[in-house]
Amino acid sequence: MKISVIGNGYVGLATAVGLAGNGHQVVCIDNDPAKVDLINRGRSPIYEKGLEDCVSSCVGNGTLKASKDYKDVADTDITFICVGTYSPSCNGTDFTQIKSAARGVGGVLSKKKGYHVIAVKSTVAPGTTEKVIIPTLEKASGKKAGKGFGVVVNPEFLEEGKSVDCVRNPYRIIIGEYDKRSGEAVESLYRDFPVPIVRTTIAAAEMIKYASNAFLAAKISFINEIGNICKKLGIDVYDVAGAMGYDPRIGRRFLNAGAGFGGSCLPKDIEELVDTAGRAGYEAGILRAILDMNREQPQRLAEMAESAVGDLQGKTVAVLGLSFKPGTDDVRDAPSLKVIASLLEKGASVRAYDPVAVDNARMVLPKSVKFCASAAQAVKGADCVIVVTEWDEFKVESLYNGKVVIDGRRVLDPRRAGKFCDYHGICW
Ligand code: UGA
């Protein structure tokens, strides 16, 4: 099939190479000429494991190309909308890009003969496709949804850092369809995947995505709360999580207690779900508690540093890890930002290091933060070291010899760490 993909971030590009890799003809559309140029030269505009190799081979064999021009949508059968819905300026969801993509696609559809399917992959709250996206498409195209064009919501469940793998090996495919014909068309793209394909309504598909992210976040905040209690009682929460995880009703994944969750998805999606519930007249107490817990958890690292070395005024603290998780340069809503804000407020000088996220962090952190070229350089001479992201290179014990270490991600084995450093685990 011929496919166009609007937006070339993590979701768009991973989706595009996944489809191109399955033999479809894909054009990536993005309004950033630099991104378009890079893709057409076989390069990936974002850091994501394995993505550049895929872009390079798909561009090389002619199944993938990029374009700035929405006109290229006309030659395709299905358009995936994969633009971002995160906005740091409004600290949450922002529909500017979604609306502009819908207007762009709608404009092309006004002149196109024949049926066209729009598949919304961007994460949007329940109701958004029917209240915002479809009306925008209808206005711009002068056509009616279900007649002139079809619409499905086909949420993505990609984990940043593993996007390519997630596209190739999804757990399930969700297709929320406005009309049966477009549901069939999108299902045909996924027929070879040995996973459940769920056909449902548009709003239910939107909710499945939000509920899934909320549940993952709930697991994290839950185990962080258990971990905070364990810390007080002298129990290792990792022993507890490991044993809980043997129960398949619970499962071990997403029970890693630590500095809390960040990124462009979990925090924003839960905020949005709380707001959606509120607008519908329901106070989502559990969801709020997940967020409250997550706001407080990073502060605990700064407080632990204070307890370990005394007043932080004038002290130097090394912060290891800035990205919201390893394997990505993304610092959006990263716990590191909250830890650093708290340290600066307490008067500490902060020396920060991350293997790939320094450039992104520099754009959002105060000028007073000093960025180091290596973990060893950040640690040298620091009064205290706080580990916020579990990059492999932070698991090297010799890095911490003789230091006060606050471990927010279990990078060291607490049973050994006391031998070579003054070790404090956040929840253990
Ligand atoms: C998340 C979901 O996991 C994906 O399924 C979803 O598709 C994606 O959001 C999205 O909505 O696009 P992502 O934001 O890439 O993916 O990150 P996660 O791997 O979920 O990690 C989120 C945060 O939780 C990270 O800061 C991580 O360090 C933290 N985390 C994760 C924990 O603190 N403990 C855990 O056990 C697991």
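By convention here, the first residue in the shown sequence is residue 1. Each ligand, and each atom within it, is numbered from 1 in the order the structure gives. Computed from a prediction, not measured in an experiment: that's the story for all the values here.
Remark: side-chain polar atoms of R199 are not paired, donor with acceptor, to backbone N or O of I175 under 3.5 angstrom.
A side-chain donor-acceptor contact under 3.5 Å links Q297 and N228. If you check the side chains of S349 and T316, you find no donor sitting under 3.5 Å from an acceptor. Judged purely by distance below 3.5 Å, without hydrogens or angles, the side chains of T128 and E206 never pair a donor atom with an acceptor atom.
Listed by chain and number, residues touching ligand 1 at under 4.0 Å (heavy atoms only) are E156, F157, L158, E159, E160, K209, N213, L216, I220, F254, L255, N256, G260, F261, G262, C265, L266, D269, F324, K325, R409.
When each of E306, Q299, E303 is checked for a side chain to side chain donor-acceptor pair (under 3.5 Å) with S342, only Q299 meets the rule.
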Side-chain donor-acceptor pairs of residues 356-380 under 3.5 Å, sequence neighbours excluded:
unit_1 : atom_1 : unit_2 : atom_2 : d
N360   : ND2    : D329   : O      : 2.7
S374   : OG     : Q377   : N      : 3.0
Q377   : OE1    : A373   : N      : 3.1

